[in-house]
Trainee: 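Dropping the structure in here first, questions after.
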Amino acid sequence: MDTTEQIHGMAAGVPFVALPPAGGTATGALVVGWHLMEPPASEQAMAAAVPMAALDAWRVYLGLPLTGARLPDGGYDEFFRLASEDAVLNVNGPVTEQAAAEFPAAVAELRRRLSIVDGPLGVFGGSAGSAVALEVLARGELDIAAGAVVSPVAQLTPVIGRNERLYGVTYPWTEASRAVAARLDFVRRAGELTQPLLLVVGGEDDIAFREPSDALRAELGERAELVVVDGMGHQLAEAPGIEAAPQNADARRVDEAFTTWFARHLR
């Protein structure tokens with residue numbers, strides 16, 4: 001990808017990377033999304049991994065709260081301290097809530113900054129970013145034509161279980177954290193997701209992502225499509241995944257699925 005075509009900036013306090021429509025044509029179509037907290041773990045890295053270069057739409061990649069330019073005081077050390085202290089109450093819940101809350105103002109500012117006329121809007125996200133995309137879809141504050149998520153957090157509780165196994169820890173559930181997990185259970189909230197939704201999951205990803213994705217697709221019925229990428233795990237880039245890097249084979253397949261999906265629904 002030609003990085004000289006990227007536009008970097010801030011929209012309503014949110015850092016972004018924007019890629020212009022394919023061929024530089026004038027279009028009002030806009031897709032906005034959020035990166036993973038595992039590689040690709042920044043807006044720059046997500047733009048390189050899933051650029052959707054053939055899509056005749058603006059593609060904008062937003063930085064998540066508590067990441068990149070918005071790391072807490074103390075940087076990554078403080079971030080990991082917060083996560084180890086209480087991942088749900090200090091990271092998953094606040095990041096999803098803040099990113100979803102700032103979305104409408106960010107979109108309005110992006111349309112002004114990039115001179116994007118009103119047109120169809122899509123949202124996308126990966127892992128932690130997918131929870132934001134699903135929350136935005138469920139809130140319905142803006143007219144959104146379609147969504148697409150990869151390595152989706154369709155239910156937070158099993159993802160916390162995956163992290164317990166991965167890092168050899170035990171998460172101390174409380175009434176407050178269970179309330180956050182209930183809110184971030186999009187299988188339970190499937191009735192709030194009325195737009196067409198693409199779910200992309202790796203065939204080698206953890207069961208915490210595969211089974212809830214299948215359950216959400218079943219709940220959504222004809223509104224959803226599930227794509228399983230054989231051989232793909234959870235990440236779409238090599239660690240550490242902060243800087244932009246050449247697109248790998250897994251990311252390319254996700255990129256193709258997203259591009260096809262949004263080309264179909266952003267008309």
Side-chain angles (χ1 to χ4, degrees), residues 12-15 33-38 41 62-106 123 125-142 147 149-194 197 199 201 205-216 219-220 234:
V14 183
W34 300 265
H35 56 84
L36 295 72
M37 283 192 178
E38 299 177 45
L62 300 179
L64 288 171
L66 294 183
T67 72
R70 298 199 283 177
L71 279 170
D73 291 342
Y76 284 107
D77 287 345
E78 177 62 10
F79 173 84
F80 289 121
R81 187 197 69 78
L82 289 169
S84 62
E85 181 181 83
D86 195 313
V88 174
L89 295 182
N90 290 345
V91 178
N92 299 105
V95 165
T96 305
E97 173 65 28
Q98 181 180 336
E102 64 196 13
F103 174 69
V123 295
S127 194
S130 77
V132 180
L134 292 171
E135 177 65 22
V136 163
L137 288 167
R139 291 187 181 193
E141 294 175 313
L142 297 181
V149 290
V150 59
S151 304
V153 180
Q155 292 179 309
L156 181 59
T157 299
V159 172
I160 296 301
R162 172 255 194 179
N163 291 342
E164 288 179 312
R165 298 190 301 274
L166 184 63
Y167 299 112
V169 298
T170 299
Y171 179 72
W173 286 101
T174 64
E175 183 176 347
S177 59
R178 290 191 187 281
V180 172
R183 191 169 72 249
L184 298 182
D185 182 345
F186 296 101
V187 176
R188 181 184 63 84
R189 295 174 63 191
E192 301 173 46
L193 302 172
T194 59
L197 178 65
L199 300 130
V201 65
D205 204 350
D206 193 271
I207 194 171
F209 299 96
R210 290 185 285 109
E211 285 198 350
S213 295
D214 192 55
L216 181 55
E219 288 291 329
L220 294 176
H234 191 71

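Positions are given from 1 along the sequence.
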Trainee: I would like to know whether Phe103 and Val123 meet side chain to side chain contact (heavy atoms under 4.5 Å, CB included); could you show each step before the answer?
Mentor: CA-CA 10 Å; Phe103 174 69; Val123 295; 3.6 Å; yes
Trainee: Does any part of the side chain of Val201, heavy atoms only, come nearer than 4.5 Å to the side chain of Asp214, both counted from C-beta?
Mentor: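 Asp214 vs Val201: side chains apart.
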Trainee: Within a strict 4.5 Å, meaning less than it, do heavy atoms of the Ser151 and Asp205 side chains meet?
Mentor: yes
Trainee: Checking Leu216 against Leu197 for the side chain to side chain contact (heavy atoms under 4.5 Å, CB included) test, could you report, in this order, the C-alpha distance in whole Å, the side-chain angles of both residues, the deciding distance, and whether it holds?
Mentor: CA-CA 10 Å; Leu216 181 55; Leu197 178 65; 4.1 Å; yes
Trainee: Using modelled atom types only, decide if a donor and an acceptor are shared between the side chain of Ser84 and the backbone of Arg81 within a distance under 3.5 Å.
Mentor: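 Yes, the answer is positive, given that a donor and an acceptor are paired below the 3.5 Å cut-off.
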Trainee: Does the side chain of Ser127 come within less than 4.5 Å of Val153's, by heavy atoms?
Mentor: yes
Trainee: After noting the C-alpha distance and the side-chain angles of Val180 and Leu89, does the key distance pass the side chain to side chain contact (heavy atoms under 4.5 Å, CB included) rule?
Mentor: CA-CA 8 Å; Val180 172; Leu89 295 182; 3.9 Å; yes
Trainee: Evaluate the side chain to side chain contact (heavy atoms under 4.5 Å, CB included) criterion for residues Arg165 and Asp206: first the C-alpha distance (whole Å), next the side-chain angles of each, then the deciding distance (0.1 Å), finally the verdict.
Mentor: CA-CA 10 Å; Arg165 298 190 301 274; Asp206 193 271; 2.6 Å; yes
Trainee: Look up atom CZ in Arg183 and atom CZ in Arg178, then write down how far apart they are to the nearest 0.5 Å.
Mentor: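 So the gap between those two atoms works out to 15.5 Å.
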Trainee: Got Val159 and Asn92 here, is their nearest side-chain heavy-atom distance under 4.5 Å?
Mentor: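 Side-chain contact under 4.5 Å: no.
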Trainee: Between Ala208 and Arg162, which heavy-atom pair has the shortest distance, and what is it?
Mentor: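 Ala208 and Arg162 have their closest heavy atoms at CB-CB, 3.7 Å.
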Trainee: Working to the nearest 0.5 angstrom, can you tell me the gap between Asp77 CG and Leu82 CG?
Mentor: 11.0 Å
Trainee: When rounded to the nearest 0.5 angstrom, what is the spacing between CG in Leu71 and CD in Glu78?
Mentor: 10.0 Å
Trainee: Considering residues at least two apart in sequence or located in another chain, which fulfil the ring pair (Phe, Tyr, Trp, His ring centres under 6.0 Å) criterion with Phe209?
Mentor: His234
Trainee: Do Phe186 and Pro152 have side-chain heavy atoms sitting under 4.5 Å apart?
Mentor: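 No; the side chains remain at least 4.5 Å from each other.
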Trainee: State, yes or no, whether a side-chain contact exists between Glu219 and Arg189 at a heavy-atom distance under 4.5 Å.
Mentor: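 SC-SC contact between Glu219 and Arg189 ruled out.
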Trainee: If every non-hydrogen atom of Ala99 is compared with every non-hydrogen atom of Trp34, which pair is closest and at what distance?
Mentor: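 Looks like CB-NE1, 4.1 Å.
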Trainee: Over all heavy atoms of both residues, which pair between Ala154 and Ser213 is shortest? Give the atoms and the distance, please.
Mentor: CB-N, 4.3 Å
Trainee: Taking all non-hydrogen atoms of both residues into account, name the closest pair between Ser177 and Tyr171 and its distance.
Mentor: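 Looks like CB-OH, 3.1 Å.
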Trainee: With a 4.5 Å cut-off on side-chain heavy atoms, are His35 and Leu64 touching?
Mentor: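 When only atoms from C-beta onward are counted, His35 and Leu64 do touch, with a gap below 4.5 Å.
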Trainee: Would you name the heavy atoms of Thr194 and Gly191 that are closest together and state the gap between them?
Mentor: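 It is CG2-O, 3.9 Å.
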Trainee: Could you report the tightest heavy-atom contact between Met37 and Pro65, atom names first, then the distance?
Mentor: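 Residues Met37 and Pro65, closest heavy atoms: CE-O, 4.2 Å.
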Trainee: Let me confirm one number: the OG1-CG distance from Thr67 to Leu36, rounded to the nearest 0.5 Å.
Mentor: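 CG of Leu36 is found 11.0 Å from OG1 of Thr67.
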